[in-house]
2 protein chains.
Amino acid sequence: MSDTLTFRQQQVLDCIRQFISDTGMAPTRAELAELMGFQSKNAASDHLRALERKGYVRLHNDRSRGIQMLDAALWPEDELPVVGKVAAGLPIEAIENVERSVPVPQGMFRQRPTYLLRVQGDSMKDAGILDGDLIAVRKSNMARSGQIVVARIDDDVTVKTLKLGNGSATLMPANDDYAPITVGADQLVIEGIFVGLIRDAV
Amino acid sequence: MSDTLTFRQQQVLDCIRQFISDTGMAPTRAELAELMGFQSKNAASDHLRALERKGYVRLHNDRSRGIQMLDAALWPEDELPVVGKVAAGLPIEAIENVERSVPVPQGMFRQRPTYLLRVQGDSMKDAGILDGDLIAVRKSNMARSGQIVVARIDDDVTVKTLKLGNGSATLMPANDDYAPITVGADQLVIEGIFVGLIRDAV
DNA sequence: ACAGGTACTGTCGAAAAGAACAGTGTCCTT
DNA sequence: AAGGACACTGTTCTTTTCGACAGTACCTGT
């Protein structure tokens, strides 16, 4: 499945998707030709056969408007690993840490996350990040002051708001019961940046 | 929209939904008749006209398979409507309220949500629900005490924790700046139950 | 040079599908 | 008892739609 499409084929596929979204039905050969600017409906027919051969659509024989979009043509999904308890000494995304994986559609978050991390503890509760939440993290080793980051200090992975001073970095919790942690900027390893959150209420 | 359907009309509507879900296209009059066990395709035609009159489907004239599902009922399996500002007097999922739609994979939340609602205000911030968050809501007109619900009071839609007393209901905010609202249990319309949350950090 | 894929135009007949008309019977309300 | 909505059967006619055939042109790899 999912051979690569030519430019024209991709346009045709987008056109079909748009048509279905607007009208609730698939276009006929003639309508597709009209939309794409073809003079002949057979051009549309040829494209459809190509799309079928490559596994993007299914054509129902002798059925009018029998163009069925298949998964490959629908929302391309990324399976992202869910990282649970992070074992000391291992990279955060090491297989040992992966709890399971969850399909996360592209476009759900404006910044594409690299992995999901299960939050432990309520040190960020005032920022709306609760114990057990999944946070979407984009892997990055740099961050700007004010961003919520996933950071590692001495093999401990924490989620905090980053404040950068001159030569030092402070990890600010969002909970009065916790104290800020200040370390030299060189002792801090940024693992990623918080780009979104998923909570599953029971 | 949404006149009440007769039993038979409801069956026809479900049948169409099923067919579209299976084949990606709407049934013809003949196919619908066959599925429903009608001897005549005109029976199907009549039902379709009734469904159109009541606002459940749109029939595209002289187009084969030109049955377009209108109700929020037909959002593709994993694509959920995002409800933004709710207009007074309209059902919460009315098309007028839909901002856009977002693909939400099955299994992302343990309870399958019906729609997503964009949160306005921070009255639930201590429950980790912030202004601008998308909450996943399962449509339901009943809820248990202690659940976070989407409720409607006098055309206002709010998200609060529900506390049920004897004969009365209290909507508890999770923010000290807001006061609980107590109403008679009969004045309260439960729209749905909070089943999850999606936040897109920028 | 030539085969093979892609990207079209143009035409035609046959099958699929919609629409309209003419009925029948059952409920329910007035 | 009469009228109207509902739920069908059965038929005919017209339009829509598909699919197949015939042909042109432009690339690309061999």
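Throughout, a chain's letter reflects where its sequence line sits, starting with A, and its residues are numbered from 1.
Rounded to the nearest 0.5 angstrom, B/Leu48 CG and B/Ile16 CD1 are separated by 5.0 Å.
Between B/Gln9 and D/dA7 there is a side-chain N or O to OP1 or OP2 distance below 4.0 Å. The side chain of A/Thr28 contributes no N or O atom lying less than 4.0 Å from OP1 or OP2 of D/dT16. OP1 or OP2 of D/dC6 has at least one side-chain nitrogen or oxygen of B/Arg53 nearer than 4.0 Å. OP1 or OP2 of D/dC8 lies within a sub-4.0 Å distance of a side-chain N or O belonging to B/His47. Contact annotation: B/Arg63 side-chain N/O to C/dA17 OP1/OP2 distance is not under 4.0 Å. Between B/Ser64 and D/dT15 there is no side-chain N or O to OP1 or OP2 distance below 4.0 Å. Residue B/Arg29 has a polar side-chain atom (N or O) positioned under 4.0 Å from OP1 or OP2 of C/dG18.
Of the candidates C/dC8, D/dT17, D/dG10, C/dC8 carries the atom nearest the A/Asp46 side chain, counting heavy atoms from C-beta on.
Using a 4.0 Å heavy-atom criterion, one finds that B/Asn42 contacts the bases of the nucleic acid, with or without backbone contacts as well.
Within 6.0 Å of CZ on A/Arg58 lie no more than 12 heavy atoms contributed by other residues, nucleotides or ligands.
Salt bridge A/Arg29/A/Glu34: absent, no basic N to carboxylate O contact under 4.0 Å.
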